Structure formats: structure tokens, C-alpha cells
Amino acid sequence: MTGNELRERFLSFFAGKGHTIVPSSSLVPANDPTLLFTNAGMVQFKDVFLGLDRRPFKRATTAQKCVRAGGKHNDLDTVGRTARHHTFFEMLGNFSFGDYFKGEAIAYAWEFLTRVLELPPERLWITVYQDDDEAYRLWQEVAGVPAERIVRMGEKDNFWAMGDTGPCGPCSEIIYDRGPEHACRSNPCALGACDCDRWLEIWNLVFMQYERDAGGNLTPLPRPSIDTGMGLERVASVLQGVDSNFDTDLLQPLIKAMEGLSGRAYDRGEAGFPFRVIADHARACTFLIADGVLPGNEGRSYVLRRILRRAARFGKALGVEEPFLYRLVATVVNIMGQAYPEVAEQQDYIARVMRQEEERFHETLNDGMRVLSGILERAGREGRQTITGQEAFTLYDTYGFPLDLTEEIAGEQGFKVDRAGFEDAMAAQRERARAAREDVKAYEFALAFAGNLDDIGGTEFTGYGRLEDTGKVLVLVREGERVPSLAGGETGYAVLDRTPCYPEGGGQVGDQGSLAWPGGAARVQDTRRLPDGKIVHQVTVTAGNLTAGQEVKVMVDRERRLATARNHTATHLLHRALKNVLGEHANQAGSLVTPERLRFDFTHFAPLTEEELRAIEKEVNQKVLANLPVTTLETSLQEARAMGATALFGEKYGERVRVVKIDAYSLELCGGTHLRSTSEVGLFRLTGESSIGAGVRRVEAVTGTAALDLVSQESQELATVAGLLKVPPFQVAGRVQQLLDKGKEMEREITRLRNQLAGYTVRELLGHVREVDGVPVLQARVDIADAEALRELADKVRDKLGSGVVVLGSQHDGRVNFVAMVSKDLVKRGVHAGNLLREVARIAAGGGGGRADMAQAGGKDPSKLDQALAYSLKVVAQQVR
RNA sequence: GGGCGUGUAGCUCAGUUGGGAGAGCGCUAGAAUCGCACUCUAGAGGCCAGGGGUUCGAAUCCCCUCACGUCCA
């Protein structure tokens, strides 16, 4: 059975048992800063298990793409060494949200494995949590597993928890015995006693039945749930009768492709390690990029970079010097493109990103190579045999140069690397980062409501059609506690059963407005949405008391809402215009819509040129002038996709989606509030373009009155400049160019005149030369403000003098400047311009210094200038030998 | 989020206790050639990333910001 068939059979089996097939969610978890990547099937249902959200179904099944790299579950270094570890893999799962429990979960799993996959029952072993007698009994009763093949295990292996607090419970694993021929040499080689390839965990059933509080106490959940996970690649290896996941049809084509690229044959043992790493990493990189992750230096981006570079290194180990990883994207698409259309659709883009990163990595290696040569050279000079741990660490830490490569190259030249020192430096680095780490608080806002969900109804949003409505206060929360009422002056959160206030979402900020009820009023400062869709208003009571159950009139701030809608509709126009001007690869990567402005991040490889920016702005404004109707419709996600609507990765869409349509021009899934016609935008002006990281650009823009204000400010500025230049506004550029040219010409003229003047001055000064112990010394006060001109003058005088000492001083703006020059022959006789000038300047309340042949100084007391200059004669007399 | 490093001419980079902003390549012009390449000569091109501070004086030292690289989380 192929991997694709297995996935298919699993989903349809559970669909047949009343489960809704839910598509895999993005590898980037939506709204969950605690998690780097989606690493299990339950991630997209986390809110449901936490009681923060509900779904229209109670049973679900998924094939979920997962990445384990970085964070708590980090398999990066193990990949390729074992037959089973991956950075990217697929998890098959079935879920019950307070519906069926242990008995059915066990029955379904058993039926699927023994009937559908036809695995021999005598090969299957079971582990249960030590105290879970119920599961122990059910496995025998429901599945007929003999007691001797059911093993009780401890908390470490068979108790599952989402976090330190929250839902948790015992779990039960199904183990496939691959037969005595795979036994290890441990005695005994048995389940729970050894950890070898004979015993293959294929399915984990989690029985979520408790809630753990901060004190560690377990309370039974009223409606226990089921969460299961089965590794697709593992089961495929069993079904296909191969020893390793890498030999299944899910990974083997990648190894084959790599054989072709490297011209080397794959070896199933030790020597095949690089092939396995590359096959795994190619999948991980392809899928991560498809989900919008780009290589970079922090967080998810950094993990992607590490995976990609690790693969690139192993390519070198196979003798492939050129970028190659991007060529494997096509193979990944071949294997999995059917099940995951997002990789097929973005194939070219993914390959391009990967290639760019591979090239960047080559540059990094070249830079590191240069630094390493310097280190080796110095070590050789110092007669050392080893590269210190610190040196190796700097190479790694600052220049990203891999340690093994340092060792290899150093080794070729007879040097060793102090590995222990390297590890020490690394440990110190880790400690620093850990010490600075703060815990990320997820759900802080939402958790205040967690206990209050069950007994209150949902919120109906009526703000698409109206800006005023009446609603009933369902619940009030203040400082994290549910309260019966809010008094005047108090600020808290209110959930209503109906509201026209738009909650923050899809990049659009939440509405502001006001509440009114007989004898009272409140300001709405912000509106947000809870994970289950309830709408929360942040309110400050300005008069009277707001009590739960009160009917209130809700009014949205009209001006603010309209300004926001202008920017939102303009954002859709902008998105389409970007694609038309730059290409279809320009996908939304982030968006912010406020009443004041809009900000739009999108994937693109280069800074936008002036022409591109102008073209985009022009296209948007043309669509504004065209007065295109903006309409919305509700449909299913599939239907919307079929219509060609732009959907964003990482967004959670329900069954019914809202589509915003701008005539035949733009079609996007969007829950935001929009104008009725594009002409209401008024005017669209781009205000900025910048980089947001490798491969992502950001543009900012304004519309409506803000755009008009901008235009008015610009023309005012232009008028002012034109007025200053005394030319009509459209001749400003020509006039400025003229002035610049003239300025340059004048500068040249000044230089010429200064030289000429200096010539005269030099001749005049030469008449004032005096002899001190046979040394010609010239000290003079001149009228040159500029320090550079002063230096040039002294230069000329010294040249004319041939041998001698020149000390010049001048006064400017209540300060004095000195310069001293000493000819080379006199430097040899002990005259030092720097020391000389330091003493001279001190008299004029200043300081200075410089080289023996040239020095500069300054002072703050112009009245002492002549005195100071005269003193230079004495100093020369002291210095000369 | 915390380190380390880098930012100087169109490009690649030097710049040494703080004291004249440089090299190579590229560009322009001239010489030489029937012409091109090579060669020679001359020249243009720099708010030394940006802002603040210390100092008589900052590319250089200190602080902040930004961009890029890199490691750790």
C-alpha cells in the first residue's frame, strides 16, 4: 500500500465512523506564540480542548503536516542516524471533543489496524498507564488483546499533558513487533526494557480526562476527549515491509533523485546518512516555505535556515558543490502535491527561495574560510598546534562557520581544534540566552474568559449592515475576574449577545464607539474576538453602572469605521495591483489596517523601483476612479477557492467563509468591513517601501482625507521651495540642479583662490622666519578660519622653507586653531610638532597633539594667541639637539 | 528576546594608542592604434549607514537607532 493510499484510507475510515475530515492546518500555528511549529495533529484543536472554542462537529480526523525542529521537540541532530526520526512528517489522527471516549477509541484503532490494514493481531502490543485499569481492561474486552501483550508503563511514557496546567490524561500506545530478527542485544530485549528497532510505536491514543490546576491537582473533566496520533511514515514502512521510513515510497524517490544529482549510490547503512538527511530536510524546507516561512536569523525563520544549511552541508559531503536542494522541490511535489496542493501551487517560488538561501550559504562559507585562514596563519606564527576553543567558537558564532569544517581544514594543515573549549564557550552562550529569556504568555487575554464560556451564549456580529444596534450584556470581567457590574470610572471587558462593533481581525483594528442605557453610558475603547467567536468590548463606564443582563444601545464611531474601511478596501486593491505589476508570487505576508493608514507585507525578492511604485499607485487610483462596486457573499471554503479567491495561509477559516469581491478585479476571503464602492477611497497614496527580512517587502499607504492632507502638505512644501527659489513650482528641479552645479563650481573657485592667496601669504610669511639655535622657525598669526586651509598653508610654507619649523595660529568664533609642521631633518634632531603644540596650546586654554612632523591643536582663549605663538620659539629651543 | 560581527568610492575591501580619507577593479577623457584589446597619463566619483555625546580635533572612543550577517533561546 502506498503512503498516499494509506492516508486516504485512514481519513475515509474515520469519515465512515462519523468524523469530519478537517484539512491539515499550517505548519505555523495560528495565534499560538508558545509553539514554534505545528508538531502534532491536535495543535489546530488546542483551543477546543482548552474549552476556548467550539466546532460544529464532535468528531474529527486529520492528516496533519508536522515539523519537529527547534523548541522542546528537537529531532534535528538525530535525523538520518535512525530509521524513524524526521524534522518533517505526517501525523494521522482522530479526535473526539467530549463525544466518544476510551472504548470507541480503542475499538476504532483496533479495527483500522487489523481489518483495514490487515496487520496480524499477534504482532501488536499495547502499553497503558500504570494506574489506568480501565484501559487495561478495555483492550482485552473490546480488542481481545491477551493480557500478556499489555504492558503498564510509568508517567514518563504514558501520561500526556498539554502544559503544566490544563487538560491531560493517561495514554495508550500500540506497538508493532517487527519480529525477533530485529531484536537488540539487550537482555532482555522486551517492551519497556530496551529501546530498539524491534518494537515500533505506531499509534498513540491520548485519553484526555483530567484538568490539572496550578497546584498539580487533577480534577476529572465533565466531558473527556480523545486525541490520537499515528505517524504516516512509520506505518507505511510496516505496510511496505521495509526496515526504514527512508525506504518507503514517501521518501525513497528523494533519495533516488539525490543519487542522480550526486552520481553516487545510496547505502542503507552508515554511508547513506547524508542521503537520508537531505531527503528529510528537502521535505521540511519545501513545506515550511510553502507555509510562508522564509530563511532568516530568528525564530521559525532561523530553524528553517538551519535545516536548509544542514542539508546543503551534506550535499557537499556527497561531492555536490553547486546549489542542489532546490532541485528536489519538484520531487517533493511529485510525491505529496496531490495531498497538499499548497506545495504544488508554489513550486517555483519555493525553489527560488531555497536556491537563494543556498547561494547565501556559499557566501557565508567563503567569508568564514577567509577568517579561518587568518587564524591558522597566526597560530602558525605563534608556533601553536591547536586552534583554541574560543577561535573555533568565534568562527561558528559570528561567522556561521561549521565546527566540523573548521576541524577538517585545520586538520589538513596539521592543526587540532580544542573541542572542549568550544563546548565551554557554547555552554556560556546558551546560559546567557536562557538567563535573558522571559516566558511568553499565551492566551492571557482569552484565559480570563475560559471559565465563563459554558453558561453564556455567543455574540452575533451585526456590524456589516449597521453601525448601531442594541445588545444584552452577557458577562462582565474586571481584572481577570467575573463581576456583576462595572461602576462609573471603572474599566473592564463586556461580552454582548449582539454588537455592531467589529472585533480586531484580518489585520483590521477593532472598532471604537460607545454604549448607552437608561441612566448610564460607557466608552468602547477596543473590540476583540475570543477564540470561539464571542466578541469582547473593552469599556470604561462614564456614567451610571453597567450591570450584567442590561440591554444597551451600541454605537460604532462612524468616522473611524469609515476611515478604516477606506484603508481596508484599498488594501485589497493594492494586493491585486502588486500581483499585476510584480507577479503572482507577491503574496500577502501580513497586513495592518487602521483608520490612519495601511501597512502591507508581501513576498518579493528585490526592493521596488520608483517605476514599480508609481505603476502600483496608478493602478490602484484607476480602480478608485472606476467606481467599482464592492460586494460580499458567503459561501463554503471550497466554493470560494474554486472561484479563485485569494486565501491567506495561517488564517483559520470556518465552514462558511465571507468573500469580498471588487467587481471583476479582486476576490479575497475576508471578514473585514469594506466600502460599498471603490470611489469612496477618494485617493490612494503610497508613503513608504522597506525590507522586512529576506524575501519580504513592506509598503505603507494612506487614503481618503489622510491622502489629501499628504498631497496638500507636499504641494505646500513645493510652493515654499519654489518661492525661495523664485521660480514656478515645476521648474524647481532644474533650478536646484543649476544651484548645485554653481555650488560645485564656486567650491572649485574657492580652492583655486585659496591656493593663490596662500602663495602670497607664504611669500610674506617667509620674511618673518627667525633662527633658534640655527633652526629656521616661523611662528605667525594668520587670518584663516578653516582648519584645513590652515594646514594647507603650513604645508606650503614648510615646503618653501625646506628645513624648518612652522607654527601658525588663527582665531575664529572665540576659539583658536593651531597647526605645526616640522621638516624631516629636524624631526631627527628632536623637534616634535605634537609635543610642541601641546605646550603652546595650553597657554591659550586648549590642548592638542599629533605626529612628530605634523600636529593640530585648538584653544578657547583668543586673547592669549600671540603669547602662545611666541612661546613656540622657547619650546623649539628646548627640543632641538 | 540575548550575544558576537559588519556597514568607508559604482563593486571588493584597507585605514595601527584619535591628528592630512586610500588601494584594486570599474567609469570618463587624453596618448598610442586603421580600429579593438592591452599599456601609459589625467580625471570624476565619499554627509566614512543615521542620530547624539566625549574632545581643541572623531571614519577611529562611548551611547542610541537602522540595515545586513551569524550563533543561542
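Proteins get letters first, then strands, A, B, ... in listed order; numbering begins at 1 in each. Quantities reported herein were computed from a predicted structural model and do not represent experimental measurements.
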I'd like to know if [X] and [Y] make a salt bridge, using a cut-off of under 4.0 Å between side-chain N and carboxylate O.
X	Y	result
R355(A)	E358(A)	no
K796(A)	D799(A)	no
R384(A)	E391(A)	yes
K416(A)	E407(A)	no
R815(A)	D861(A)	no
D367(A)	R370(A)	yes

Determine the interatomic distance between [atom1] on [N] and the same-named atom on [M]; round to the nearest Å.
N	M	atom1	answer
C56(B)	U39(B)	C1'	49 Å
A58(B)	G51(B)	P	14 Å
C62(B)	G19(B)	P	15 Å
C48(B)	G7(B)	P	14 Å
C71(B)	U8(B)	C1'	27 Å
U6(B)	A14(B)	C1'	15 Å
G53(B)	G69(B)	P	32 Å
C25(B)	A21(B)	P	24 Å

For this session: Given side chain to side chain contact (heavy atoms under 4.5 Å, CB included), test L308(A) with M354(A) step by step and report yes or no.
Result: CA-CA 8 Å; L308(A) 202 149; M354(A) 274 165 76; 3.8 Å; yes

Assign [X] to base, sugar-phosphate, or nothing according to its heavy-atom contacts below 4.0 angstrom with the strands shown.
X	answer
T394(A)	nothing
G858(A)	base
R309(A)	sugar-phosphate
R370(A)	sugar-phosphate
A857(A)	base

Whole angstroms only, please: what is the [atom1]-[atom2] distance between [X] and [N]?
X	N	atom1	atom2	value
E357(A)	C68(B)	CD	P	13 Å
D367(A)	G7(B)	CG	C1'	14 Å
R838(A)	U17(B)	CZ	P	14 Å
Q856(A)	U55(B)	CD	P	18 Å
L837(A)	C56(B)	CG	P	14 Å
K860(A)	G57(B)	NZ	P	8 Å
F422(A)	C4(B)	CZ	C1'	13 Å
D404(A)	C71(B)	CG	C1'	15 Å

Out of [options], whichever nucleotide has its closest atom nearest the side chain of [X]:
X	options	answer
Y302(A)	C72(B), G19(B), G69(B)	C72(B)
Y399(A)	G3(B), G57(B), G5(B)	G5(B)
Q429(A)	C56(B), G2(B), C4(B)	G2(B)
R851(A)	G19(B), A21(B), G5(B)	G19(B)
M426(A)	C71(B), C56(B), G19(B)	C71(B)
R306(A)	G69(B), A73(B), G19(B)	A73(B)
T364(A)	G3(B), G69(B), G57(B)	G69(B)

Exercise. Which atom pair, heavy atoms only, marks the closest approach of L801(A) to V769(A)?
Worked result: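 Shortest heavy-atom contact: CD1-CG2, 3.8 Å.
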
For this session: Look at the side chain of D397(A) against the base of G3(B) and say whether a donor-acceptor pair falls under 3.5 Å; ignore hydrogens and angles.
Result: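 Under the 3.5 Å cut-off, the side chain and the base do form a donor-acceptor pair.
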
For this session: Find which nucleotide of RNA chain B each of F393(A) and V816(A) is nearest to by heavy atoms, and output the residue with the more 5' nucleotide.
Result: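 Comparing both residues, the 5'-ward one is V816(A).
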
Problem set entry | First encountered from the 5' end of RNA chain B, between R815(A) and F401(A) |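 Closest to the 5' end, via its nearest nucleotide, is R815(A).
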
For this session: Could you go through the salt bridge (charged side-chain N to carboxylate O under 4.0 Å, His left out) check for R309(A) and E357(A) one step at a time?
Result: CA-CA 8 Å; R309(A) 292 191 171 189; E357(A) 179 63 14; 3.0 Å; yes

Problem set entry | Residues S803(A), D825(A); criterion side chain to side chain donor-acceptor pair (under 3.5 Å); working and verdict | CA-CA 7 Å; S803(A) 168; D825(A) 56 321; 2.6 Å; yes

For this session: Determine which bases of RNA chain B form Watson-Crick or G-U wobble pairs with both distances under 3.5 Å, and write the result as a 5' to 3' dot-bracket string with | for other-strand partners.
Result: (((((((..((((.....[..)))).(((((.......))))).....(((((..]....)))))))))))).

Problem set entry | Residue-phosphate contact under 4.0 Å: R430(A) side-chain N/O, C72(B) OP1/OP2 |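 No, outside the criterion.
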
